[in-house]
Amino acid sequence: MPKESFLKNRIKSVGYALKGMFLLLRTEPSIKIQFIIALIVTALGFYFQITETEWALQLLSIGMVMGIEGANTAIEKICDYVQPNLDPKIGLIKDISAGAVMIVSIIASIIGLIIYAPKIF
């Protein structure tokens, strides 16, 4: 069987990644909420005409939160597959993974306050 070209492999990889992104958005309640928040702050960005630097920070924050949430979901799914029964060690892994989401969410919220608090108040 001939080896596929580099370009074909990259195109397939992008297809798998898009499939995963849409699967995540369709099936995970927490990322749905984060997506709605992302849409709201994006609309606020247009309304308040935030600077290019503020856009960069806002988009980076959105990407970090949603990306880490995706990784957290993957870790939880792997844990559930490896150990479907209640296990304190698996619980610790899931808690640490959720903690990573919490860290980036707190930082993203602080960035949002830095950008929008002066414009609102």
Side-chain angles (χ1 to χ4, degrees):
M1 185 165 149
K3 187 175 177 183
E4 287 187 343
S5 72
F6 177 79
L7 183 60
K8 278 188 177 181
N9 280 332
R10 297 296 56 86
I11 291 169
K12 279 185 176 180
S13 293
V14 169
Y16 295 138
L18 286 171
K19 177 184 173 185
M21 181 181 75
F22 288 117
L23 184 63
L24 188 62
L25 286 168
R26 259 193 344 266
T27 61
E28 293 302 314
S30 57
I31 204 133
K32 287 178 184 179
I33 293 167
Q34 291 162 353
F35 185 71
I36 290 167
I37 292 169
L39 291 175
I40 291 167
V41 295
T42 300
L44 287 173
F46 286 113
Y47 179 78
F48 287 112
Q49 299 178 342
I50 62 176
T51 67
E52 289 179 6
T53 302
E54 291 169 331
W55 272 115
L57 290 169
Q58 178 169 295
L59 291 172
L60 184 60
S61 297
I62 290 168
M64 286 296 296
V65 170
M66 294 183 79
I68 297 295
E69 181 64 50
N72 175 54
T73 299
I75 290 167
E76 288 183 353
K77 299 287 186 196
I78 290 169
C79 286
D80 291 343
Y81 179 78
V82 170
Q83 178 54 276
N85 300 320
L86 195 59
D87 181 325
K89 290 178 182 176
I90 292 293
L92 178 66
I93 293 167
K94 287 180 168 186
D95 290 347
I96 291 169
S97 182
V101 176
M102 180 62 78
I103 290 168
V104 294
S105 296
I106 289 169
I107 298 301
S109 297
I110 292 169
I111 290 169
L113 287 171
I114 291 169
I115 292 171
Y116 292 108
K119 294 170 179 23
I120 294 171
F121 302 110

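The first residue of the sequence shown is numbered 1, and numbering continues consecutively from there.
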How long is the straight-line distance from CG of Asn72 back to CD1 of Ile96, given to the nearest 0.5 Å?
11.5 Å

CG of Asp80 to CG of Asp87, rounded to nearest 0.5 Å, is 11.0 Å

Checking Lys32 side chain against Leu25 main chain: does a donor-acceptor pair fall under 3.5 Å?
no

Check whether Val104 and Ile111 end up in the same hydrophobic cluster, where Ile, Leu, Val, Met, Phe, Trp and Tyr are linked by side-chain heavy atoms less than 4.5 Å apart.
no

Determine whether more than 12 heavy atoms belonging to other residues, nucleotides or ligands lie under 6.0 Å from atom NZ of Lys119.
yes

Closest heavy-atom pair, Pro118 versus Ile114, reported as atoms and distance to 0.1 Å, is CD-O, 3.4 Å

Is there a donor-acceptor contact under 3.5 Å from the side chain of Ser61 to the main chain of Leu57?
yes

Shared hydrophobic cluster, Met102 / Ile110 (ILVMFWY, side-chain heavy atoms < 4.5 Å):
yes

So, the side chain of Glu28 versus the backbone of Thr73: is there a donor-acceptor pair under 3.5 Å, distance only?
no

Taking all non-hydrogen atoms of both residues into account, name the closest pair between Cys79 and Ile93 and its distance.
SG-CG2, 3.6 Å

With a 4.5 Å cut-off on side-chain heavy atoms, are Trp55 and Thr42 touching?
yes

Treating Tyr116 as the side-chain partner and Gly45 as the backbone partner, does any N or O pair qualify as donor plus acceptor under 3.5 Å?
yes

With a 4.5 Å cut-off on side-chain heavy-atom distances among I, L, V, M, F, W and Y, is there a chain of contacts connecting Ile40 to Ile120?
yes

Cluster check Phe6, Ile11: I/L/V/M/F/W/Y, side chain < 4.5 angstrom
no

Does Phe48 belong to the same Ile/Leu/Val/Met/Phe/Trp/Tyr cluster as Ile115, with side-chain heavy atoms less than 4.5 Å apart forming each link?
yes

Hey, what do you get for CG (Asn9) to NZ (Lys12), rounding to the nearest 0.5 Å?
6.5 Å

Got a second to check how far Ser97's OG is from Glu69's CD, nearest 0.5 Å?
8.0 Å

Is there a side-chain contact between Met66 and Leu24 (heavy atoms, below 4.5 Å)?
no

